[in-house]
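Below, all heavy atoms of this structure are taken into account, side chains as well, without hydrogens, waters or symmetry copies.
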Amino acid sequence: MLNLNLIRSRRGGETLTEQIVAGIAALIDRRALRAGASLPSVRRLAQQHNVSTFTVAEAYGRLTALGYLAARPGSGYTVAHRHAPAGHPRAPHWEAPGLNAAWLLSDVFADHSVPIKAGAGWLPGDWLNEEGLHQAMRSAARVPAAQVSGYGHPYGFGALREHIAVHLSQYGMPVQAQQVVLTQGATQALDLVVRTLLQPGDTVLVESPCYCNLLQILRLAGLRAIGVPRTAAGLDTDALDDAIRQHAPRALFVNTVLQNPTGATLTSMNAFRVLQLAEQHRLLVVEDDIYRELAPAGSPMLAAMDGLSQVVYVNGFSKTITPSLRVGYLAASPDLAKAFARTKMAVGLTSSEVTERLVYSVLTSGHYGRHVAALAERLRAQQDHVTEKMEAHGLEIMLRPEGGMFAWARLAQAPGAAGAALTGNRLATLALEHGIWLAPGSYFEPGETDSPWIRFNVATSDAPQLWAFFDAVRGGTEIARAA
């Protein structure tokens with residue numbers, strides 16, 4: 001048995017994954033584990049230390065990327081014969097993936113070779129609601145096969161839609177179950193809006209910066225995206241007014257609370273002005289509200305303020321349950337909901353009732369509310385911890401978010417200082433050579449223009465190597481090396 005001294009509930013300290021990585025690496029470095037030795041299976045180690053299998057799998061993946069372990073199909077994990085010496089961030093044979101839109105859009109989800117995922121868009125496995133998921137899977141296993149043998153309803157699993165309607169009414173949004181359409185994640189919900197309501201050549205407004213996958217959806221649909229600056233208070237409403245008058249857009253896409261990538265939330269005054277302009281110019285507003293349950297109470301909700309008149313509402317459960325279940329939803333007027341359901345059937349038939357039942361079971365299990373409250377508090381604490389680290393290591397933050405996953409920062413050198421010439425793309429490329437994934441600002445801009453800004457996921461940005469990298473950049477060491 002591997003004896004690892006794991007400490008739980010270390011707010012602001014190392015995660016369980018990081019502790020497992022450090023513990024096994026130390027055993028290998030001092031030769032307590034020798035080359036060729038077999039490690040316990042993922043399930044076995046998880047049972048021995050009472051942790052999630054997701055946590056162990058992530059730790060083993062990092063150790064493999066670092067060169068400490070070798071993975072062989074059917075044989076599990078063994079200590080590698082040629083691991084990097086202690087203190088080296090990578091195995092000698094490791095080559096960084098190329099930083100480009102294709103890798104960031106799709107390959108990054110399957111690429112486990114980068115050990116430090118500071119730019120990730122998802123939470124670590126050991127942050128998720130494991131107890132609720134296990135209970136839901138046990139419950140789903142008892143459902144008679146006949147109940148899930150067909151395609152299911154075009155709108156999605158009825159009980160889940162009823163639950164969502166009741167939940168939204170608590171925010172003051174008058175909505176019935178027939179106004180809710182379930183989708184394969186919030187991203188598919190955005191795609192259904194685009195396919196149903198917009199045509200190639202149409203102009204739409206997006207935030208600058210904005211959710212990167214939305215930009216890809218718009219490009220694939222042949223739409224013209226115009227950026228409206230996003231500030232700490234919300235959208236620049238003067239720029240929004242000018243863009244509406246100049247470009248006659250069909251729709252505005254906005255991420256209301258704890259925005260991806262900046263972490264900013266619209267103020268009530270800003271939200272009111274955005275809706276005022278939308279009504280004045282008969283502009284459709286698509287509200288992506290995926291971070292709602294992690295936001296402080298009382299944060300504005302455009303759909304509730306508008307009553308689903310000018311607003312189509314998008315949400316999902318990837319941030320509070322797990323991304324792998326792929327369950328999101330649209331809420332809209334009855335006529336639009338019917339149109340979205342038709343498009344959904346045309347491009348992919350029904351969504352998965354099995355996963356929708358799992359989500360419904362998690363939501364109604366009794367654990368979910370406590371889990372979300374604890375997750376929101378943990379993210380708020382991690383925001384404070386990571387933004388303090390940023391400022392201590394030469395990074396300037398746009399704002400201190402009130403929670404959520406993301407922070408938006410750039411190197412704070414004065415003009416002429418060592419790192420002033422480093423754009424976000426160049427900095428991210430250099431970081432990849434050190435096994436660090438950063439998400440450069442260009443990926444969140446409608447025109448893909450390079451910028452000094454970087455998106456950080458505060459849940460995955462606590463590795464000492466990350467801050468050592470920025471110290472080296474500030475000192476000019478890495479710049480000289482890159483040149």
Side-chain angles (χ1 to χ4, degrees), residues 168 171-176 178-181 183 186-208 210-211 213-230 234-237 239-257 259-260 266 270-290 292 300-316 328-344 346-347 446:
L168 292 178
Y171 292 101
M173 189 193 304
V175 61
Q176 303 297 318
Q178 62 266 29
Q179 293 176 257
V180 177
V181 178
T183 62
T187 301
Q188 192 204 31
L190 292 170
D191 185 50
L192 292 179
V193 172
V194 170
R195 288 174 180 268
T196 306
L197 301 180
L198 301 169
Q199 298 291 329
D202 283 348
T203 296
V204 297
L205 301 181
V206 299
E207 302 165 295
S208 177
C210 74
Y211 174 46
N213 284 66
L214 171 63
L215 295 175
Q216 303 298 327
I217 292 171
L218 299 177
R219 290 187 187 110
L220 287 172
L223 302 179
R224 178 173 175 246
I226 303 296
V228 177
R230 178 76 185 236
L235 283 167
D236 182 330
T237 51
L240 174 61
D241 193 10
D242 290 343
I244 294 172
R245 295 176 186 279
Q246 181 179 349
H247 300 288
R250 294 284 308 280
L252 165 67
F253 292 81
V254 59
N255 200 181
T256 317
V257 298
Q259 191 230 18
N260 180 1
L266 269 66
N270 188 262
F272 176 79
R273 179 58 177 155
V274 168
L275 287 176
Q276 187 181 51
L277 288 169
E279 183 178 1
Q280 178 183 341
H281 297 281
R282 301 183 63 81
L283 179 68
L284 172 72
V285 178
V286 183
E287 181 178 19
D288 178 358
D289 208 25
I290 192 71
R292 170 62 52 181
M301 178 187 283
L302 298 176
M305 296 168 66
D306 168 77
L308 292 178
S309 174
Q310 298 284 131
V311 178
V312 170
Y313 186 78
V314 173
N315 207 328
Y329 63 91
L330 287 157
S333 67
D335 287 344
L336 281 183
K338 184 181 298 183
F340 293 144
R342 284 198 299 265
T343 303
K344 171 185 168 182
V347 300

> Which heavy atom in Tyr211 sits nearest to a heavy atom in Thr187, and how many Å separate them?
OH-OG1, 2.8 Å
> Would you call Val175 and Tyr313 a side-chain contact if the rule is heavy atoms closer than 4.5 Å?
no
> Ignoring hydrogens, what is the shortest heavy-atom contact between Val257 and Pro300? Give both atom names and the distance.
CG1-O, 3.9 Å
> Sequence neighbours excluded, which residues qualify as side-chain contact (heavy atoms from CB on, under 4.5 Å) partners of Phe272?
Gln276, Met305
> Evaluate the side-chain proximity of Val194 to Val204: yes if any heavy-atom separation is below 4.5 Å, no if none is.
no
> Under the side-chain contact (heavy atoms from CB on, under 4.5 Å) rule, collect the residues that match up with Glu279, sequence neighbours excluded.
none
> Return the CD to OG1 distance between Gln188 and Thr183, rounded to the nearest 0.5 Å.
5.5 Å
> Is the side chain of Asp202 donor-acceptor paired with the backbone N or O of Arg250 at a distance under 3.5 Å, no angle test?
no
> Is there a side-chain contact between Leu197 and Leu336 in this structure, where contact means two heavy atoms from C-beta onward sitting under 4.5 Å apart?
yes
> Can you tell me if Glu207 uses its side chain to pair, donor with acceptor, with the backbone of Asn255 under 3.5 Å?
yes
> If we ignore hydrogens and angles and just use 3.5 Å, is the side chain of Asn315 paired with the main-chain N or O of Asp289 as donor and acceptor?
yes
> Working note: Leu266 + Met301, criterion side-chain contact (heavy atoms from CB on, under 4.5 Å); need CA distance, chi angles, decisive distance, verdict.
CA-CA 9 Å; Leu266 269 66; Met301 178 187 283; over 6 Å; no
> State which residues pass salt bridge (charged side-chain N to carboxylate O under 4.0 Å, His left out) with Arg245; sequence neighbours excluded, sorted by chain then number.
Asp241
> Decide yes or no on side-chain contact (heavy atoms from CB on, under 4.5 Å) for Phe253 and Val314, but give the supporting numbers first.
CA-CA 10 Å; Phe253 292 81; Val314 173; over 6 Å; no
> Using the rule side chain to side chain contact (heavy atoms under 4.5 Å, CB included), only one of Val286, Ile226, Leu218, Val254 pairs with Val206; which is it?
Leu218
> List the steps, then state whether side-chain contact (heavy atoms from CB on, under 4.5 Å) holds for Val347 with Leu192.
CA-CA 9 Å; Val347 300; Leu192 292 179; 4.1 Å; yes
> Check for a donor-acceptor pair, side chain of Gln310 on one end and backbone N or O of Leu283 on the other, with a separation under 3.5 Å.
yes
> Minimum heavy-atom separation for Ala331 to Leu308, with atom names?
O-CD2, 3.6 Å
> Looking only at heavy atoms, which two atoms of Gln199 and Leu223 are closest? And how far apart?
O-CD2, 2.9 Å
> Kindly give the heavy-atom pair with the smallest separation between Leu198 and Ala251, and that separation in Å.
CD2-CB, 4.4 Å
> For a side-chain contact (heavy atoms from CB on, under 4.5 Å) check, start with the C-alpha distance between Leu190 and Asn213, then their side-chain angles and the critical distance, and finish with the verdict.
CA-CA 10 Å; Leu190 292 170; Asn213 284 66; over 6 Å; no
> What residues, two or more places apart in sequence or in another chain, satisfy salt bridge (charged side-chain N to carboxylate O under 4.0 Å, His left out) together with Arg219?
Glu448
> Could you work out, with salt bridge (charged side-chain N to carboxylate O under 4.0 Å, His left out) as the rule, every residue matching Asp236, not counting sequence neighbours?
none
> For Asp288, enumerate each residue passing the salt bridge (charged side-chain N to carboxylate O under 4.0 Å, His left out) test, keeping only those at least two apart in sequence or located in another chain.
none
> Specify the closest pair of heavy atoms between Gly227 and Pro446, including all atoms of both residues, with the distance to one decimal.
CA-CG, 3.8 Å
